[in-house]
Student: 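I have a structure here, written as C-alpha coordinates, and I will follow up with some questions on it.
As a basis for the values below, the full set of heavy atoms in this structure was taken, side chains included, without hydrogen atoms, waters or symmetry mates. Numbered from 1 within each chain, the chains take letters A, B, ... in sequence-line order.
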There are 2 protein chains.
Amino acid sequence: MAARKKNSTYTRNEAHIIECDLTYAVNKINGRWKILIISKLESGKMRFGEIKKEFPYMTERMLTLQLRAMEQDGLVKRMVYAEVPPRVEYELTEMALAFGPIFKQLSEWGGKYRLP
Amino acid sequence: MAARKKNSTYTRNEAHIIECDLTYAVNKINGRWKILIISKLESGKMRFGEIKKEFPYMTERMLTLQLRAMEQDGLVKRMVYAEVPPRVEYELTEMALAFGPIFKQLSEWGGKYRLP
DNA sequence: TGCGGTACGAACAAACTTGTAAGTAATGGC
DNA sequence: GCCATTACTTACAAGTTTGTTCGTACCGCA
(Lines give C-alpha, C1' and ligand atoms only; values in the text may rest on other atoms or scores of the structure.)
Protein backbone atom coordinates (compact mmCIF):
# COMPACT_ATOMS: atom_id res chain seq x y z
CA MET A 1 0.00 0.00 0.00
CA ALA A 2 3.01 2.26 0.20
CA ALA A 3 5.88 1.97 -2.27
CA ARG A 4 5.04 -1.62 -3.16
CA LYS A 5 6.99 -4.71 -2.33
CA LYS A 6 10.65 -5.33 -2.88
CA ASN A 7 12.18 -8.77 -3.25
CA SER A 8 13.17 -11.75 -1.08
CA THR A 9 11.32 -14.11 1.19
CA TYR A 10 8.71 -11.69 2.37
CA THR A 11 7.39 -11.30 -1.12
CA ARG A 12 7.93 -14.90 -2.05
CA ASN A 13 5.81 -16.00 0.88
CA GLU A 14 3.12 -13.61 -0.13
CA ALA A 15 3.05 -15.31 -3.49
CA HIS A 16 2.51 -18.68 -1.84
CA ILE A 17 -0.30 -17.20 0.17
CA ILE A 18 -2.06 -15.78 -2.83
CA GLU A 19 -2.16 -19.21 -4.44
CA CYS A 20 -4.69 -20.32 -1.85
CA ASP A 21 -8.26 -19.20 -2.45
CA LEU A 22 -8.83 -18.64 1.22
CA THR A 23 -5.83 -16.46 1.88
CA TYR A 24 -6.25 -14.78 -1.48
CA ALA A 25 -9.64 -13.57 -0.34
CA VAL A 26 -8.38 -12.46 3.03
CA ASN A 27 -5.51 -10.67 1.41
CA LYS A 28 -7.95 -8.52 -0.53
CA ILE A 29 -9.38 -7.05 2.62
CA ASN A 30 -6.35 -6.92 4.84
CA GLY A 31 -5.16 -3.82 6.53
CA ARG A 32 -6.83 -1.95 9.25
CA TRP A 33 -9.60 -0.15 7.45
CA LYS A 34 -10.80 -1.89 4.33
CA ILE A 35 -13.32 -4.07 6.07
CA LEU A 36 -14.82 -1.11 7.85
CA ILE A 37 -14.98 0.88 4.67
CA ILE A 38 -16.74 -1.93 2.87
CA SER A 39 -19.32 -2.29 5.58
CA LYS A 40 -20.08 1.41 5.50
CA LEU A 41 -20.44 1.40 1.74
CA GLU A 42 -22.78 -1.55 1.81
CA SER A 43 -25.70 0.80 2.23
CA GLY A 44 -24.92 2.66 -0.96
CA LYS A 45 -22.55 5.10 -2.58
CA MET A 46 -20.88 7.76 -0.50
CA ARG A 47 -18.73 10.80 -1.04
CA PHE A 48 -15.18 10.91 0.19
CA GLY A 49 -16.07 13.36 2.91
CA GLU A 50 -19.00 11.30 4.06
CA ILE A 51 -16.87 8.23 4.52
CA LYS A 52 -14.33 10.33 6.34
CA LYS A 53 -16.91 11.49 8.80
CA GLU A 54 -17.76 7.88 9.62
CA PHE A 55 -14.24 7.33 10.92
CA PRO A 56 -13.18 10.37 12.89
CA TYR A 57 -10.05 8.59 14.09
CA MET A 58 -8.81 7.56 10.66
CA THR A 59 -6.59 10.05 8.88
CA GLU A 60 -7.43 11.36 5.44
CA ARG A 61 -4.26 9.88 4.11
CA MET A 62 -5.22 6.40 5.24
CA LEU A 63 -8.65 6.73 3.73
CA THR A 64 -7.18 7.83 0.44
CA LEU A 65 -4.67 4.99 0.41
CA GLN A 66 -7.26 2.38 1.24
CA LEU A 67 -9.74 3.62 -1.32
CA ARG A 68 -7.05 3.69 -3.97
CA ALA A 69 -5.97 0.16 -3.18
CA MET A 70 -9.55 -1.02 -3.16
CA GLU A 71 -10.14 0.59 -6.52
CA GLN A 72 -7.10 -1.19 -7.90
CA ASP A 73 -8.37 -4.45 -6.51
CA GLY A 74 -11.78 -3.95 -8.06
CA LEU A 75 -13.59 -3.59 -4.77
CA VAL A 76 -14.88 -0.07 -5.30
CA LYS A 77 -15.89 2.09 -8.22
CA ARG A 78 -14.68 5.64 -8.08
CA MET A 79 -16.73 8.33 -9.75
CA VAL A 80 -15.31 11.79 -10.16
CA TYR A 81 -17.58 14.70 -11.02
CA ALA A 82 -16.01 17.67 -12.74
CA GLU A 83 -17.16 20.22 -10.22
CA VAL A 84 -15.57 22.75 -8.00
CA PRO A 85 -15.12 22.08 -5.18
CA PRO A 86 -14.53 18.51 -6.29
CA ARG A 87 -16.99 15.72 -5.73
CA VAL A 88 -16.02 12.09 -5.76
CA GLU A 89 -18.28 9.18 -5.00
CA TYR A 90 -17.41 5.64 -4.10
CA GLU A 91 -19.54 2.57 -4.61
CA LEU A 92 -18.94 -1.10 -3.97
CA THR A 93 -18.56 -3.48 -6.86
CA GLU A 94 -20.36 -6.82 -7.00
CA MET A 95 -17.18 -8.48 -5.83
CA ALA A 96 -17.15 -6.40 -2.67
CA LEU A 97 -20.86 -6.81 -2.09
CA ALA A 98 -20.29 -10.55 -2.10
CA PHE A 99 -18.41 -10.13 1.15
CA GLY A 100 -21.62 -9.02 2.82
CA PRO A 101 -22.84 -12.35 4.16
CA ILE A 102 -19.34 -13.32 5.18
CA PHE A 103 -18.90 -10.15 7.18
CA LYS A 104 -22.22 -10.84 8.83
CA GLN A 105 -20.99 -14.21 9.99
CA LEU A 106 -17.71 -12.79 11.17
CA SER A 107 -19.64 -10.23 13.12
CA GLU A 108 -21.67 -12.96 14.74
CA TRP A 109 -18.48 -14.77 15.60
CA GLY A 110 -17.18 -11.63 17.24
CA GLY A 111 -20.34 -11.13 19.21
CA LYS A 112 -20.30 -14.68 20.44
CA TYR A 113 -16.68 -15.19 21.34
CA ARG A 114 -15.43 -11.82 22.39
CA LEU A 115 -14.14 -11.68 25.90
CA PRO A 116 -15.98 -9.61 28.51
CA MET B 1 3.13 -10.49 17.81
CA ALA B 2 6.60 -9.24 18.46
CA ALA B 3 7.34 -6.89 21.31
CA ARG B 4 3.68 -5.91 21.82
CA LYS B 5 2.12 -2.56 21.29
CA LYS B 6 3.42 0.76 22.46
CA ASN B 7 1.34 3.92 22.78
CA SER B 8 -0.11 6.68 20.60
CA THR B 9 -2.55 6.75 17.75
CA TYR B 10 -1.68 3.41 16.28
CA THR B 11 -2.75 1.64 19.42
CA ARG B 12 -5.62 3.96 20.07
CA ASN B 13 -7.04 3.22 16.67
CA GLU B 14 -6.68 -0.46 17.26
CA ALA B 15 -8.80 -0.02 20.34
CA HIS B 16 -11.53 1.60 18.27
CA ILE B 17 -11.35 -1.25 15.85
CA ILE B 18 -11.73 -3.90 18.48
CA GLU B 19 -14.97 -2.35 19.64
CA CYS B 20 -16.61 -3.61 16.48
CA ASP B 21 -17.60 -7.28 16.47
CA LEU B 22 -16.62 -7.64 12.86
CA THR B 23 -13.15 -6.22 13.13
CA TYR B 24 -12.69 -7.86 16.49
CA ALA B 25 -13.12 -11.20 14.81
CA VAL B 26 -10.84 -10.34 11.93
CA ASN B 27 -8.25 -9.07 14.34
CA LYS B 28 -8.11 -12.48 15.96
CA ILE B 29 -6.92 -14.09 12.78
CA ASN B 30 -4.84 -11.37 11.25
CA GLY B 31 -1.29 -11.82 10.23
CA ARG B 32 0.04 -13.90 7.45
CA TRP B 33 -0.20 -17.39 8.86
CA LYS B 34 -2.93 -17.84 11.42
CA ILE B 35 -5.65 -18.59 8.92
CA LEU B 36 -3.52 -21.21 7.24
CA ILE B 37 -2.63 -22.79 10.54
CA ILE B 38 -6.26 -22.95 11.56
CA SER B 39 -7.26 -24.61 8.34
CA LYS B 40 -4.57 -27.23 8.72
CA LEU B 41 -5.56 -27.95 12.28
CA GLU B 42 -9.20 -28.34 11.34
CA SER B 43 -8.60 -31.98 10.60
CA GLY B 44 -7.33 -32.73 14.10
CA LYS B 45 -4.46 -32.20 16.48
CA MET B 46 -0.94 -31.99 15.14
CA ARG B 47 2.58 -31.85 16.50
CA PHE B 48 4.72 -28.79 16.05
CA GLY B 49 6.91 -30.54 13.55
CA GLU B 50 3.94 -31.77 11.54
CA ILE B 51 2.54 -28.30 11.18
CA LYS B 52 5.95 -27.07 10.21
CA LYS B 53 6.15 -29.57 7.40
CA GLU B 54 2.91 -28.24 5.99
CA PHE B 55 4.50 -24.86 5.42
CA PRO B 56 7.99 -25.34 4.08
CA TYR B 57 8.33 -21.63 3.38
CA MET B 58 7.36 -20.44 6.84
CA THR B 59 10.16 -20.09 9.33
CA GLU B 60 10.09 -21.92 12.65
CA ARG B 61 10.14 -18.62 14.42
CA MET B 62 6.99 -17.46 12.71
CA LEU B 63 5.23 -20.69 13.49
CA THR B 64 6.20 -20.41 17.13
CA LEU B 65 5.06 -16.80 17.33
CA GLN B 66 1.74 -17.50 15.67
CA LEU B 67 1.01 -20.53 17.79
CA ARG B 68 1.84 -18.62 20.93
CA ALA B 69 -0.40 -15.74 19.97
CA MET B 70 -3.18 -18.12 19.07
CA GLU B 71 -2.85 -19.85 22.38
CA GLN B 72 -3.10 -16.51 24.15
CA ASP B 73 -6.17 -15.70 22.13
CA GLY B 74 -7.79 -19.00 22.99
CA LEU B 75 -7.72 -20.32 19.45
CA VAL B 76 -5.52 -23.34 20.11
CA LYS B 77 -4.85 -25.67 23.00
CA ARG B 78 -1.22 -26.53 23.55
CA MET B 79 -0.39 -29.90 25.06
CA VAL B 80 3.14 -30.59 26.18
CA TYR B 81 4.24 -34.14 26.86
CA ALA B 82 7.14 -34.59 29.24
CA GLU B 83 9.25 -36.66 26.89
CA VAL B 84 12.65 -36.44 25.38
CA PRO B 85 12.92 -35.40 22.66
CA PRO B 86 10.02 -33.08 23.43
CA ARG B 87 6.56 -33.56 22.02
CA VAL B 88 3.99 -30.81 21.81
CA GLU B 89 0.59 -31.08 20.23
CA TYR B 90 -1.73 -28.34 19.10
CA GLU B 91 -5.48 -28.57 18.78
CA LEU B 92 -8.15 -26.05 17.84
CA THR B 93 -10.56 -24.80 20.45
CA GLU B 94 -14.28 -24.56 19.81
CA MET B 95 -13.83 -20.87 19.11
CA ALA B 96 -11.41 -21.58 16.32
CA LEU B 97 -13.48 -24.41 14.92
CA ALA B 98 -16.33 -21.95 14.60
CA PHE B 99 -14.35 -20.21 11.90
CA GLY B 100 -14.67 -23.30 9.73
CA PRO B 101 -17.77 -22.38 7.75
CA ILE B 102 -16.61 -18.80 7.39
CA PHE B 103 -13.31 -19.89 5.93
CA LYS B 104 -15.18 -22.11 3.55
CA GLN B 105 -17.14 -19.14 2.27
CA LEU B 106 -14.06 -17.00 2.00
CA SER B 107 -12.47 -19.76 0.00
CA GLU B 108 -15.41 -19.80 -2.33
CA TRP B 109 -15.16 -16.07 -2.69
CA GLY B 110 -11.51 -16.44 -3.62
CA GLY B 111 -12.27 -19.13 -6.16
CA LYS B 112 -14.96 -17.05 -7.75
CA TYR B 113 -13.39 -13.62 -7.91
CA ARG B 114 -9.72 -14.24 -8.27
CA LEU B 115 -8.22 -12.78 -11.39
CA PRO B 116 -6.87 -15.08 -14.09
C1' DT C 1 32.35 -38.16 24.83
C1' DG C 2 30.04 -36.63 21.01
C1' DC C 3 25.80 -36.68 18.22
C1' DG C 4 21.00 -36.69 16.82
C1' DG C 5 16.14 -35.33 17.42
C1' DT C 6 12.41 -31.83 18.95
C1' DA C 7 10.56 -27.56 20.08
C1' DC C 8 11.58 -23.77 20.96
C1' DG C 9 14.34 -18.69 22.59
C1' DA C 10 17.11 -14.48 21.66
C1' DA C 11 19.36 -10.82 19.13
C1' DC C 12 19.34 -8.46 15.17
C1' DA C 13 17.78 -6.77 10.63
C1' DA C 14 14.77 -5.91 6.74
C1' DA C 15 10.25 -4.82 4.94
C1' DC C 16 5.87 -3.17 5.35
C1' DT C 17 1.93 -0.30 7.38
C1' DT C 18 0.23 3.53 9.69
C1' DG C 19 0.32 8.31 11.33
C1' DT C 20 1.82 13.68 11.16
C1' DA C 21 1.97 17.81 9.17
C1' DA C 22 1.75 20.51 5.66
C1' DG C 23 0.45 21.99 0.96
C1' DT C 24 -2.20 21.93 -3.83
C1' DA C 25 -5.97 23.03 -7.42
C1' DA C 26 -9.95 25.38 -9.06
C1' DT C 27 -13.83 28.40 -8.51
C1' DG C 28 -17.56 31.03 -6.57
C1' DG C 29 -18.69 34.46 -3.00
C1' DC C 30 -17.29 38.62 -0.32
C1' DG D 1 -7.83 40.27 -4.38
C1' DC D 2 -8.73 37.04 -0.52
C1' DC D 3 -10.95 33.20 1.57
C1' DA D 4 -13.46 28.91 2.01
C1' DT D 5 -14.40 24.28 0.26
C1' DT D 6 -13.20 19.37 -1.25
C1' DA D 7 -10.45 15.69 -2.30
C1' DC D 8 -6.61 14.78 -2.44
C1' DT D 9 -0.73 14.71 -2.51
C1' DT D 10 3.93 14.85 -0.65
C1' DA D 11 7.74 14.28 2.54
C1' DC D 12 8.82 12.46 6.65
C1' DA D 13 8.63 9.64 10.81
C1' DA D 14 6.85 6.30 13.94
C1' DG D 15 5.43 1.55 14.87
C1' DT D 16 4.59 -3.21 13.73
C1' DT D 17 5.32 -7.58 11.38
C1' DT D 18 8.39 -10.86 9.15
C1' DG D 19 12.66 -13.03 8.27
C1' DT D 20 17.85 -14.58 9.43
C1' DT D 21 20.96 -16.82 12.25
C1' DC D 22 22.49 -18.89 15.92
C1' DG D 23 21.90 -21.34 20.28
C1' DT D 24 19.54 -24.18 24.18
C1' DA D 25 17.81 -28.44 26.84
C1' DC D 26 17.33 -33.17 27.48
C1' DC D 27 18.04 -38.10 26.95
C1' DG D 28 19.47 -42.31 24.62
C1' DC D 29 22.78 -44.30 21.68
C1' DA D 30 27.30 -45.32 19.45
Side-chain angles (χ1 to χ4, degrees), chain A residues 1-17 23 26-27 29-37 45-71 76 78-90, chain B residues 1-17 23 26-27 29-37 45-71 76 78-90:
Chain A
M1 226 142 316
R4 265 310 71 190
K5 310 302 155 62
K6 295 279 174 63
N7 53 333
S8 81
T9 309
Y10 188 95
T11 305
R12 212 172 329 123
N13 277 349
E14 188 179 61
H16 282 296
I17 281 171
T23 43
V26 174
N27 218 56
I29 49 171
N30 67 4
R32 184 163 269 193
W33 307 109
K34 286 182 192 162
I35 292 175
L36 289 169
I37 294 171
K45 69 176 71 155
M46 293 173 86
R47 296 185 58 170
F48 181 88
E50 290 176 314
I51 305 177
K52 199 179 101 179
K53 256 175 258 161
E54 294 288 336
F55 307 105
Y57 41 90
M58 167 168 33
T59 64
E60 278 192 22
R61 172 183 150 75
M62 274 300 114
L63 184 52
T64 304
L65 283 177
Q66 302 304 314
L67 286 170
R68 281 290 186 283
M70 291 167 78
E71 193 193 359
V76 297
R78 179 162 178 270
M79 289 154 316
V80 185
Y81 298 86
E83 303 175 2
V84 170
R87 181 159 66 100
V88 181
E89 290 185 336
Y90 292 91
Chain B
M1 222 144 318
R4 266 310 75 188
K5 311 303 152 66
K6 297 277 174 62
N7 50 331
S8 82
T9 310
Y10 186 95
T11 304
R12 212 170 330 122
N13 277 349
E14 188 178 61
H16 283 297
I17 280 171
T23 44
V26 174
N27 217 56
I29 49 173
N30 67 3
R32 182 163 272 193
W33 306 109
K34 286 182 192 162
I35 292 175
L36 288 169
I37 294 172
K45 68 176 73 155
M46 293 173 86
R47 296 185 56 170
F48 181 89
E50 290 177 315
I51 306 176
K52 197 180 102 181
K53 257 175 257 162
E54 295 287 337
F55 308 105
Y57 37 88
M58 166 166 39
T59 65
E60 279 192 22
R61 171 182 150 76
M62 273 300 114
L63 183 53
T64 303
L65 283 177
Q66 302 304 314
L67 287 170
R68 280 291 184 285
M70 292 167 79
E71 194 193 358
V76 297
R78 180 163 177 269
M79 288 155 315
V80 185
Y81 298 86
E83 300 174 6
V84 170
R87 182 159 67 98
V88 182
E89 290 185 336
Y90 292 91

Student: Check whether any side-chain nitrogen or oxygen of B:R78 sits under 4.0 Å from OP1 or OP2 of C:dC8, and answer yes or no.
Tutor: yes

Student: Is A:E54 reaching over with its side chain to a backbone N or O of A:I51, donor-acceptor style, under 3.5 angstrom?
Tutor: no

Student: Is the distance from OP1 or OP2 of D:dT5 to the nearest side-chain N or O of A:R87 less than 4.0 Å?
Tutor: no

Student: If you look at every heavy atom in B:F55 and B:I37, which pair is closest and at what distance?
Tutor: CZ-N, 4.1 Å

Student: Output yes when at least one side-chain N/O atom of A:R68 is less than 4.0 Å from OP1 or OP2 of D:dT9, else no.
Tutor: yes

Student: Using whole Å, report how far CD of A:Q66 lies from C1' of D:dC8.
Tutor: 15 Å

Student: Could you tell me how far apart A:E83 (CD) and C:dT27 (P) are, to the nearest whole angstrom?
Tutor: 12 Å

Student: A:N30 CG to C:dT18 P: how many Å, rounded?
Tutor: 8 Å

Student: Side chain of A:V84 only, please: which of D:dG19, D:dT16, C:dA26 is the nearest?
Tutor: C:dA26

Student: Ignoring hydrogens and geometry, is there a side-chain-to-backbone donor-acceptor pair from B:E14 to B:T11 under 3.5 Å?
Tutor: no

Student: For the side chain of A:T59 and the backbone of A:M62, is there at least one donor-acceptor N/O pair under 3.5 Å apart?
Tutor: yes

Student: When you get a sec, tell me which of C:dA10, C:dC8, D:dC12 is the closest nucleotide to the side chain of B:R61?
Tutor: C:dA10

Student: Closest approach to the side chain of B:T59, judged atom by atom: which nucleotide of C:dG5, C:dA7, D:dG19 is it?
Tutor: D:dG19

Student: Taking the minimum atom-to-atom distance to the side chain of B:P86, which one of C:dT6, D:dT6, D:dT9 wins?
Tutor: C:dT6

Student: Is B:R47 close enough to C:dT6 that one of its side-chain N or O atoms is under 4.0 Å from OP1 or OP2 there?
Tutor: no

Student: To the nearest Å, how far apart are A:R32 CZ and D:dT16 C1'?
Tutor: 9 Å

Student: Would you mind reading off the distance between B:E14 atom CD and D:dG15 atom P, rounded to a whole angstrom?
Tutor: 14 Å

Student: Within the structure shown, what part of the strands sits under 4.0 Å from A:Y90 by heavy-atom distance: base, sugar-phosphate, or nothing?
Tutor: sugar-phosphate

Student: Could you give the OH-to-C1' distance, from A:Y10 to C:dA13, as a whole number of Å?
Tutor: 15 Å

Student: Within this structure, what is the CG-to-P distance between B:L65 and C:dA10, rounded to whole angstrom?
Tutor: 11 Å

Student: Output yes when a side-chain donor or acceptor of A:N13 lies under 3.5 Å from a complementary backbone atom of B:Y57, and no otherwise.
Tutor: yes

Student: Checking contacts here: which listed nucleotide (D:dT20, C:dC8, C:dT6) is nearest the side-chain heavy atoms of A:T9?
Tutor: D:dT20

Student: On DNA chain C, nearest-nucleotide positions of B:E60 versus B:N13: which is more 5'?
Tutor: B:E60

Student: Rounded to the nearest Å, what distance is computed from the CH2 atom of residue A:W33 to the C1' atom of nucleotide C:dT18?
Tutor: 9 Å

